[in-house]
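Written below as structure tokens is the structure these notes are about.
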Amino acid sequence: MLNVVACDDDINDLNKVVNILSDIFQRYEVNYDLKTFLSPMDLLEQTEKADIAILDISMGHVNGIDLGRRLKGKFPLIKIIYTTSYERYCLQAINDIHAHSYL
């Protein structure tokens, strides 16, 4: 089973991510568990296993870059994909966090 977490402080953007992921996983018949979070701290506190993380960059006190660092520390093999409208974080996400993708 593929364990996926998604975190965005905007419920509309989070719902878009959920819909896209659900469509893809169902189309390719992937057995997955998707957990969603509006708070980075909730994600960190409530997640015990994660293979993929879909993260927003700009989320209040803990941004997606910091969250990615913490997730990499907790789950070294996790693949992180960032979704954001901020281009300025691209190099930091890729170089510091080794993000799998930046959308």
Side-chain angles (χ1 to χ4, degrees):
M1 173 166 316
L2 189 62
N3 293 287
V4 182
V5 294
C7 187
D8 196 315
D9 60 346
D10 182 313
I11 188 70
N12 294 321
D13 289 344
L14 186 59
N15 286 335
K16 288 176 190 175
V17 167
V18 167
N19 291 335
I20 290 168
L21 290 174
S22 295
D23 287 346
I24 292 169
F25 291 148
Q26 288 175 8
R27 182 178 313 135
Y28 291 99
E29 299 178 0
V30 174
N31 187 17
Y32 71 99
D33 180 39
L34 173 60
K35 292 186 173 43
T36 60
F37 300 89
L38 291 169
S39 160
M41 296 313 294
D42 287 348
L43 185 155
L44 288 170
E45 292 169 3
Q46 298 174 24
T47 302
E48 295 186 19
K49 187 172 183 184
D51 301 306
I52 298 173
I54 313 295
L55 309 175
D56 184 25
I57 293 271
S58 180
M59 295 187 288
H61 298 304
V62 177
N63 69 30
I65 300 290
D66 293 334
L67 179 56
R69 274 192 196 101
R70 293 179 186 188
L71 287 172
K72 280 283 192 176
K74 193 172 179 179
F75 310 109
L77 299 177
I78 193 170
K79 301 296 184 206
I80 298 176
I81 299 170
Y82 287 104
T83 60
T84 188
S85 58
Y86 297 100
E87 281 185 46
R88 67 178 178 248
Y89 295 110
C90 182
L91 290 178
Q92 184 180 11
I94 292 170
N95 292 330
D96 292 354
I97 311 303
H98 305 288
H100 187 72
S101 187
Y102 188 90
L103 307 172

Heavy-atom closest pair (Phe37 atom, Val5 atom, distance to 0.1 Å) is CE1-CG1, 4.1 Å
Compare every heavy atom of Leu44 with every heavy atom of Arg70, then report the nearest pair and how far apart it is. CD-CD1, 3.4 Å
Using the rule that two of Ile, Leu, Val, Met, Phe, Trp, Tyr join whenever any of their side-chain heavy atoms come within less than 4.5 Å, decide whether Leu55 and Leu38 are in one cluster. no
Intermediate values then yes/no, side chain to side chain contact (heavy atoms under 4.5 Å, CB included), Asp13 and Asp56: CA-CA 9 Å; Asp13 289 344; Asp56 184 25; 5.8 Å; no
Using modelled atom types and a 3.5 Å cut-off, is there a donor and acceptor pairing between side-chain atoms of Tyr32 and backbone atoms of Phe25? no
First locate atom CG of Leu2, then atom CD1 of Ile52, and finally report the distance between them rounded to the nearest 0.5 Å. 4.0 Å
For the residue pair Ala6 and Val17, what are the closest heavy atoms and their distance? CB-CG1, 4.1 Å
Applied to residues 19-32, the salt bridge (charged side-chain N to carboxylate O under 4.0 Å, His left out) test, sequence neighbours excluded, yields none
From Gln26 atom CD to Leu21 atom CG, the distance as rounded to the nearest 0.5 Å: 11.0 Å
Asp9, Asp66, Leu43, Asp10 screened by side-chain contact (heavy atoms from CB on, under 4.5 Å) with Met59, the one that passes: Asp9
Could you measure the distance from the OG1 atom of Thr36 to the CG atom of Asp8? Nearest 0.5 Å is fine. 10.5 Å
Report the distance from atom NZ of Lys79 to atom NZ of Lys72, rounding to the nearest 0.5 Å. 6.0 Å
Closest contact, heavy atoms only, Tyr82 versus Ile57: CD2-CD1, 3.5 Å
Look at the side-chain heavy atoms of Ile, Leu, Val, Met, Phe, Trp and Tyr, link any pair under 4.5 Å apart, and say whether Tyr28 and Leu34 land in one connected group. yes
Donor-acceptor contact below 3.5 Å, side chain Asp51 vs main chain Asn3: yes
To the closest 0.5 Å, what do you measure between CD1 (Ile65) and CD1 (Ile80)? 9.0 Å
Around atom NZ of Lys74, are there more than 12 heavy atoms of other residues, nucleotides or ligands at under 6.0 Å? yes
Non-hydrogen atoms of Ile78 and Ala53 that approach each other most closely: CD1-CB, 3.8 Å
So which atom in Leu14 and which in Cys7 form the shortest heavy-atom distance, rounded to 0.1 Å? CD1-N, 4.2 Å
Taking only residues two or more places apart in sequence or in another chain, which ones pass side chain to side chain donor-acceptor pair (under 3.5 Å) with Lys35? Asp33
